[in-house]
There are 2 protein chains.
Amino acid sequence: MTGASNTTRDATRPAIALRNKAAPAPPPATPGDALRLLREQSLTALVQREIERQIVSGDLAAGAKLNEIDFCNELGVSRGPVREAFRMLEQAGLVRTEKNRGVFVRQVSIEEANEIYEVRAALDGLIGRLAASRITPAQLARLKAVVKRMRAAERTLDADEYFPLNLEFHEVLAEATGNAALIANYRRVVNELNLYRREMLLRDADNITRSTREHEAIIEAVATGQAETAERLLFDHVIRSRERLHRALAMPAPRARKAPRKAA
Amino acid sequence: MTGASNTTRDATRPAIALRNKAAPAPPPATPGDALRLLREQSLTALVQREIERQIVSGDLAAGAKLNEIDFCNELGVSRGPVREAFRMLEQAGLVRTEKNRGVFVRQVSIEEANEIYEVRAALDGLIGRLAASRITPAQLARLKAVVKRMRAAERTLDADEYFPLNLEFHEVLAEATGNAALIANYRRVVNELNLYRREMLLRDADNITRSTREHEAIIEAVATGQAETAERLLFDHVIRSRERLHRALAMPAPRARKAPRKAA
DNA sequence: TTTTTGTAGATTGTCAACAATCTACGATAT
DNA sequence: ATATCGTAGATTGTTGACAATCTACAAAAA
């Protein structure tokens with residue numbers, strides 16, 4: 001069942017780019033759609049981004065095996081770029097490699113998640129401290145808009161809507177620090193955590209209410225430039241999120257979500 | 001002058017592993033020296049570690065260009081593993097890639113260093129907080145031994161000895177947290193910073209004295225379990241290290257050190 | 001002299017093929 | 001019936017070759 005892949009090649013439509021041998025003279029009307037992309041981006045980067053998207057979106061479940069040739073067929077590239085992309089994702093902590101066995105979407109155990117949450121708490125604390133003194137009015141407005149939408153999702157208890165809003169809230173806050181190194185580190189940590197906590201807030205609706213309250217307090221501290229307070233509030237917010245997740249995971253699972261790909 | 005490399009191949013001795021075609025039947029006396037290594041480690045991993053070693057040791061200067069074929073000849077492997085190792089180092093923040101131009105040892109500007117130092121301060125603050133409550137007596141003893149050696153180096157103002165001791169001090173402290181995710185993140189950040197601050201403490205001898213004083217205060221707080229104090233001391237220690245570095249770099253450069261490889 | 005242009009060499013990006021290892025499954029023996 | 005062994009297929013690890021791009025240098029034009 002798994003390998004209906006290496007038979008034909010033309011049937012499947014390449015997802016990201018055409019082969020450079022096809023399309024001898026593309027019409028100049030299109031501004032070099034995919035061509036300019038390949039002028040400045042390597043196939044490896046494209047492949048890496050696509051696989052990462054599939055992982056963080058949940059299309060590939062934690063523990064799923066990533067077959068090289070399957071990705072070659074799906075994306076219309078050879079194994080070289082795919083393998084290079086695997087190495088990047090490995091360093092990013094999204095996949096794990098076993099020699100001669102393959103690469104798998106990383107599984108984050110509860111113990112690892114606890115550890116990563118502590119790292120995230122420290123980073124988020126710094127984010128609060130810096131954002132309090134550097135946030136721009138535009139960013140502050142965007143932050144308030146996000147929380148406003150969160151309150152709406154809170155009323156309807158719509159977790160599917162709340163989850164991306166939560167990500168956006170913290171993303172905007174991180175950007176408000178203006179510290180690129182911090183933003184990059186923060187994103188990687190959050191990416192890793194998302195391998196674990198995808199089901200958070202889906203199980204205990206009450207968490208949404210409490211989380212939103214904390215977000216409002218954080219905004220207040222950041223808006224008034226209280227660096228120390230914002231730092232402490234964000235640190236504690238992350239630690240409490242961790243505890244909320246643990247309590248949620250101890251509960252019986254709710255309805256299943258759109259089925260992700262097979263997990264080994 | 002640069003390319004005395006692609007002429008012959010047998011003259012240069014492979015640095016990490018023999019080709020699998022040579023050595024038909026190795027004597028069982030040797031416990032499979034490099035053979036077992038390749039059973040469980042990929043060439044990519046070996047290459048990645050070797051290049052990383054050359055970067056962090058300073059053999060390759062910041063900005064130096066990494067030529068694929070040179071590494072192939074030097075390590076006795078083909079370009080595949082070398083390119084995969086490049087992608088790993090890229091994700092680790094040690095090299096930068098320009099499409100169709102090559103990869104270069106990353107140059108960390110003073111602005112980037114400032115940003116990274118803030119991240120490190122947050123991580124080190126967490127390290128202090130956690131180490132204060134989790135450090136073992138053995139680790140504490142090792143910490144004190146390191147500081148003792150630091151005091152000796154302080155008297156002779158031997159910066160060459162002080163630098164690795166400083167790294168070891170913070171490494172032991174990080175390990176004392178028992179948090180693997182924190183340790184991994186911390187190491188990556190320190191690795192990046194080392195691209196910038198190699199010359200720190202080499203220029204202003206007085207820094208050694210001040211730094212050691214702060215280390216002793218940190219040990220005191222950690223040893224007595226004062227988590228909050230240790231956190232604050234370590235955070236401030238990192239920020240002050242950053243300021244010390246900036247002051248040191250503003251001074252005239254001291255004698256040159258052992259020349260690293262060419263910088264582009 | 002300075003600038004431009006063009007060509008040869010070197011280097012990177014990508015691909016296809018070979019070798020080694022692992023996995024699945026059936027035959028044989030107990 | 002169960003367990004062990006062995007073989008065929010699939011998958012990964014590695015290599016060498018080809019195509020595209022860049023770099024350096026020299027010749028020609030301004």
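Every chain is numbered from 1 and lettered A, B, ... according to where its sequence line falls, protein lines coming before strand lines.
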Residues which pass salt bridge (Lys or Arg N to Asp or Glu O under 4.0 Å) with E112(B), listed by chain and number, not counting sequence neighbours
R106(B)
Rounded distance (Å) that lies between atom C1' of dT23(D) and atom CZ of F104(B):
12 Å
Atom CZ of R101(B) and atom P of dG13(C) are separated, to the nearest Å, by 11 Å
Residues two or more places apart in sequence or in another chain: which of them pass side chain to side chain contact (heavy atoms under 4.5 Å, CB included) with E98(A)?
R96(A), R101(A), F104(A)
Rounded interatomic separation in angstrom, taking CD1 from I69(B) and P from dT12(C)
7 Å
Residue pair I110(B) / Y196(B), side-chain heavy-atom distance below 4.5 Å:
yes
Among dG16(D), dT12(C), dT12(D), the one nearest any side-chain atom of E68(B) is dT12(C)
F71(A) CZ to dT12(D) P, in whole Å, measures 11 Å
Can you list the residues that meet the side chain to side chain contact (heavy atoms under 4.5 Å, CB included) rule with E52(A), with sequence neighbours excluded?
Q48(A), V56(A), L89(A), L94(A), N191(A)
Between dA20(C) atom P and N100(A) atom CG, what is the distance in whole Å?
12 Å
Tell me which nucleotide among dG16(D), dT11(C), dC22(C) gets nearest to the side chain of N67(B).
dT11(C)
Contact residues, residues 79-92 of chain B to DNA chain C [heavy atom, < 4.0 Å]
R79(B), R83(B)
Whole-Å gap separating C1' (dG13(D)) and CD (E98(A)):
15 Å
Would you please name every residue forming a side chain to side chain contact (heavy atoms under 4.5 Å, CB included) with E90(B), sequence neighbours left out?
M88(A), R87(B), V95(B), T97(B)
Check the distance between dG13(D)'s P and L46(B)'s CG and give it to me in whole angstrom.
14 Å
Taking side chain to side chain contact (heavy atoms under 4.5 Å, CB included) as the test, write out the residues that go with R142(A), two or more places apart.
E168(A), V172(A), E175(A)
Looking only at side-chain atoms of L43(A), point me to the closest of dT14(C), dT23(C), dG13(D).
dT14(C)
Let me know the distance between CD of Q41(A) and P of dT14(C), rounded to the nearest Å.
11 Å
Side-chain N or O of K65(A) less than 4.0 angstrom from OP1 or OP2 on dT12(D)?
yes
In plain terms, say whether R120(B) and E192(B) are close enough for a salt bridge, that is, a side-chain N and a carboxylate O under 4.0 Å apart.
no
